[in-house]
Asks: 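First the structure, which I've put down as structure tokens, then a few questions once you've had a look.
Note that this is a predicted model, so its numbers are computed, not measured. Atom set for the values below is all heavy atoms of this structure, side chains included, hydrogens, waters and symmetry mates excluded.
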Amino acid sequence: MAKKKKTVKRVSGKKRKQKVFLRFVACFACFLMAAPAMHIMKDRLEAGGQEAVLEDAQEEGKIPRPELDVELLTLNEYSRPGIALSSVNGIVIHYTGNPGTGAIANRNYFEGLKDSHVTKASSHFVIGLDGEIVQCIPCNEISYASNGRNADTISIECCIGDDTGKFNDRTYDTAVRLTAWLVERYHLTVSDVIRHYDVTGKECPKYFVEVPSAWEQFRTDVQAYLDRYHV
């Protein structure tokens, strides 16, 4: 019995071109779909992991997290070097020294140092005249604020309304709440809350240096806030 010959379907040149074109279209579509995700990932990496900062900032504890406006500085050698904190052993309180300016204005000054190169300066947080908080540096990186204690402290800059350097009530109350939250978060005590003055002898924050009793009252108020939440 004669064997039937298998018929081989030949794909025409036109059909082959169509298949190649369809594969190209499919690959291009995949690229277009992936591009936004790649762009988002790039942005997150350049921002120093802002998403991680936000998630970390919402870490649960007894004390509620103060509302934060996270406006991280661009990575640069003059205000945000991206160097990891070795540990957190203290919270350092500062004042801005430029009366009448708000939190975002001071944050933008730090940002501008990457271009002006005038000095090296920054802070993890800036508290404004309305009690608003702007976060400039992730809490797992150093800021250029506290000289020899940059490597193991978190810094808080407080805006002032006049040359006395005294915080208004809204700035003061927010500073108490933010400081207490950080004390709980990093398992510190009120004795770990210090002034820039205690590191270098610089008159900062001015009012708390000139009026030591006001500084002691601030730490007493932080402790009272901790006690309120049984920390």
Side-chain angles (χ1 to χ4, degrees), residues 39-57 66 68-130 132-161 163 165 167 171 174-175 178-179 182 185-186 193-206 208-209:
H39 182 69
I40 291 171
M41 184 177 293
K42 179 176 179 291
D43 286 349
R44 286 183 180 178
L45 288 171
E46 288 180 347
Q50 181 165 346
E51 289 297 320
V53 172
L54 290 170
E55 290 173 6
D56 187 46
L68 304 174
D69 179 10
V70 181
E71 299 286 348
L72 300 183
L73 303 177
T74 304
L75 286 167
N76 72 93
E77 64 177 302
Y78 289 89
S79 55
R80 186 188 166 195
I83 300 170
L85 274 173
S86 59
S87 58
V88 178
N89 297 320
I91 311 299
V92 186
I93 307 298
H94 305 255
Y95 86 129
T96 56
N98 47 357
T101 59
I104 198 66
N106 283 278
R107 178 266 173 205
N108 291 342
Y109 168 75
F110 295 145
E111 176 69 13
L113 293 176
K114 74 181 190 300
D115 302 312
S116 69
H117 303 175
V118 172
T119 187
K120 291 185 177 182
S122 57
S123 182
H124 291 91
F125 300 95
V126 183
I127 301 175
L129 297 171
D130 292 323
E132 74 278 17
I133 305 171
V134 175
Q135 182 174 9
C136 308
I137 305 278
C139 288
N140 59 1
E141 295 179 16
I142 74 164
S143 67
Y144 286 141
S146 305
N147 304 83
R149 294 297 304 276
N150 284 339
D152 74 333
T153 59
I154 289 176
S155 56
I156 301 174
E157 286 275 357
C158 298
C159 294
I160 53 171
D163 289 328
F167 305 162
T171 303
T174 297
L178 177 59
T179 301
L182 290 168
R185 186 181 181 199
Y186 291 102
V193 179
I194 61 175
R195 302 164 293 183
H196 191 183
Y197 170 82
D198 299 314
V199 180
T200 65
K202 180 180 179 179
E203 195 178 58
C204 175
K206 181 181 178 182
F208 284 160
V209 174

Asks: Between the side chains of Glu111 and Ser79, does any donor sit under 3.5 Å from an acceptor?
Replies: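 No, no side-chain donor-acceptor contact under 3.5 Å.
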Asks: Specify the closest pair of heavy atoms between Val134 and Ala103, including all atoms of both residues, with the distance to one decimal.
Replies: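 Distance-wise, the nearest heavy atoms are CG2-CB, 3.7 Å.
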Asks: Looking only at heavy atoms, which two atoms of Pro66 and Ile133 are closest? And how far apart?
Replies: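 The answer is CB-CD1, 3.6 Å.
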Asks: About how many Å separate CD1 of Ile156 and CG of Leu178, when rounded to the nearest 0.5 Å?
Replies: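 These two atoms lie 4.0 Å from each other.
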Asks: Say whether, by atom type as modelled, one donor and one acceptor occur between the side chain of Asp115 and the main chain of Leu113 under 3.5 angstrom.
Replies: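 Looks like no, no N/O pair under 3.5 Å.
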Asks: Rounded to the nearest 0.5 Å, how far apart are CD1 of Ile154 and CD1 of Ile91?
Replies: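 The CD1 atom of Ile91 is 4.5 Å from CD1 of Ile154, to the nearest 0.5 Å.
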Asks: In this structure, are over 12 heavy atoms from other groups packed under 6.0 Å from Lys202 atom NZ?
Replies: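 Incorrect, the count does not exceed 12.
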Asks: Quick one: pull up CG in Asp69 and CD1 in Ile104 and give me the separation to the nearest 0.5 Å.
Replies: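 Rounded to the nearest 0.5 Å, the CG-CD1 separation comes to 5.5 Å.
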Asks: Please give me the minimum heavy-atom distance between Leu72 and Arg80, naming the atom from each residue.
Replies: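 Scanning both residues completely, I find the closest heavy atoms to be CB-NH1, 3.9 Å.
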Asks: Quick one: pull up CG in Leu73 and CZ in Arg107 and give me the separation to the nearest 0.5 Å.
Replies: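 The CZ atom of Arg107 is 5.0 Å from CG of Leu73, to the nearest 0.5 Å.
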Asks: Hey, what do you get for CD1 (Ile160) to CD1 (Ile127), rounding to the nearest 0.5 Å?
Replies: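 Spacing of CD1 (Ile160) from CD1 (Ile127) equals 13.5 Å.
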Asks: Answer yes or no: is there a donor N or O on one side and an acceptor on the other, between the side chain of His124 and the main chain of Glu141, under 3.5 Å?
Replies: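 Checking the backbone N and O of Glu141 against the side chain of His124, a donor-acceptor pair under 3.5 Å is found.
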Asks: Who pairs with Lys120 by salt bridge (Lys or Arg N to Asp or Glu O under 4.0 Å), at least two apart in sequence or on another chain?
Replies: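 So Lys120 forms no salt bridge (Lys or Arg N to Asp or Glu O under 4.0 Å) with any residue.
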Asks: May I have the step-by-step check of side-chain hydrogen bond (donor to acceptor under 3.5 Å, both in side chains) for Thr96 and Asn98, ending in yes or no?
Replies: CA-CA 6 Å; Thr96 56; Asn98 47 357; 2.8 Å; yes
Asks: Please give me the minimum heavy-atom distance between His117 and Tyr78, naming the atom from each residue.
Replies: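 For His117 versus Tyr78, the nearest heavy atoms are CD2-CE1, 3.4 Å.
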Asks: Kindly determine whether Asn106 and Thr101 satisfy side-chain hydrogen bond (donor to acceptor under 3.5 Å, both in side chains), including the steps that lead there.
Replies: CA-CA 7 Å; Asn106 283 278; Thr101 59; 3.1 Å; yes
Asks: May I ask you to test the Cys159-Phe167 pair for a side-chain heavy-atom distance under 4.5 Å?
Replies: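 The answer is no, as the side chains (C-beta and beyond) never meet within the 4.5 Å cut-off.
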Asks: Compare all side-chain heavy atoms of Val193 with those of Ile93 and state whether any distance is below 4.5 angstrom.
Replies: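 Of all side-chain heavy-atom pairs linking Ile93 with Val193, at least one is under 4.5 Å.
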Asks: Do Cys136 and Glu71 come close enough that some side-chain heavy atom pair is under 4.5 Å?
Replies: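 The answer is no; the side chains never approach within 4.5 Å.
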Asks: Kindly say whether Phe110 contributes a backbone atom to a donor-acceptor pair with the side chain of Ser122 at under 3.5 angstrom?
Replies: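 No; judged by distance alone, with no hydrogens or angles, the pair does not exist.
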Asks: Can you name the side chain to side chain contact (heavy atoms under 4.5 Å, CB included) partners of Ser146, sequence neighbours left out?
Replies: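 With sequence neighbours excluded, Ser146 shows a side chain to side chain contact (heavy atoms under 4.5 Å, CB included) to Val92, His94, Arg149, Asn150, Thr153, Ser155, given in chain and number order.
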Asks: Does the side-chain contact (heavy atoms from CB on, under 4.5 Å) test come out yes or no for Phe125 and Leu68, once each step is laid out?
Replies: CA-CA 9 Å; Phe125 300 95; Leu68 304 174; 4.0 Å; yes
Asks: Could you tell me which residues satisfy side chain to side chain contact (heavy atoms under 4.5 Å, CB included) with Ala151, sequence neighbours excluded, listed by chain and number?
Replies: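 Side chain to side chain contact (heavy atoms under 4.5 Å, CB included) list for Ala151, sorted by chain: Ser86.
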Asks: If you draw a 6.0 Å radius around OH in Tyr144, do more than 12 non-hydrogen atoms from other residues or ligands fall strictly inside?
Replies: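 More than 12 within 6.0 Å, yes.
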Asks: What verdict does the side-chain contact (heavy atoms from CB on, under 4.5 Å) test give for Val209 and Cys204, after you've listed the backbone C-alpha separation in whole Å, the side-chain angles of each residue and the deciding distance to 0.1 Å?
Replies: CA-CA 7 Å; Val209 174; Cys204 175; 5.8 Å; no
Asks: For Leu85 versus Asp152, what's the shortest heavy-atom pair and its separation?
Replies: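 Leu85 and Asp152 have their closest heavy atoms at CD2-N, 3.9 Å.
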Asks: Check for me whether the distance between the ring centres of Phe208 and Tyr95 falls short of 6.0 Å.
Replies: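 No, ring centres 6.0 Å or more apart.
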Asks: Is there a donor-acceptor pair closer than 3.5 Å between any side-chain N or O of Ser87 and the backbone N or O of Asn89?
Replies: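 Checked: no pair found.
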Asks: Side chain of Thr119, backbone of Ala121: donor and acceptor closer than 3.5 Å?
Replies: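 It does not hold such a pair.
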Asks: Considering non-hydrogen atoms only, spot the tightest contact between Pro99 and Asp163 and give its length.
Replies: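 Taking every non-hydrogen atom into account, CG-OD1, 3.3 Å.
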Asks: Kindly indicate whether the side chain of Ile137, heavy atoms from C-beta on, has any atom under 4.5 Å from the side chain of Ser123.
Replies: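 In short, these two side chains do not touch, never coming nearer than 4.5 Å.
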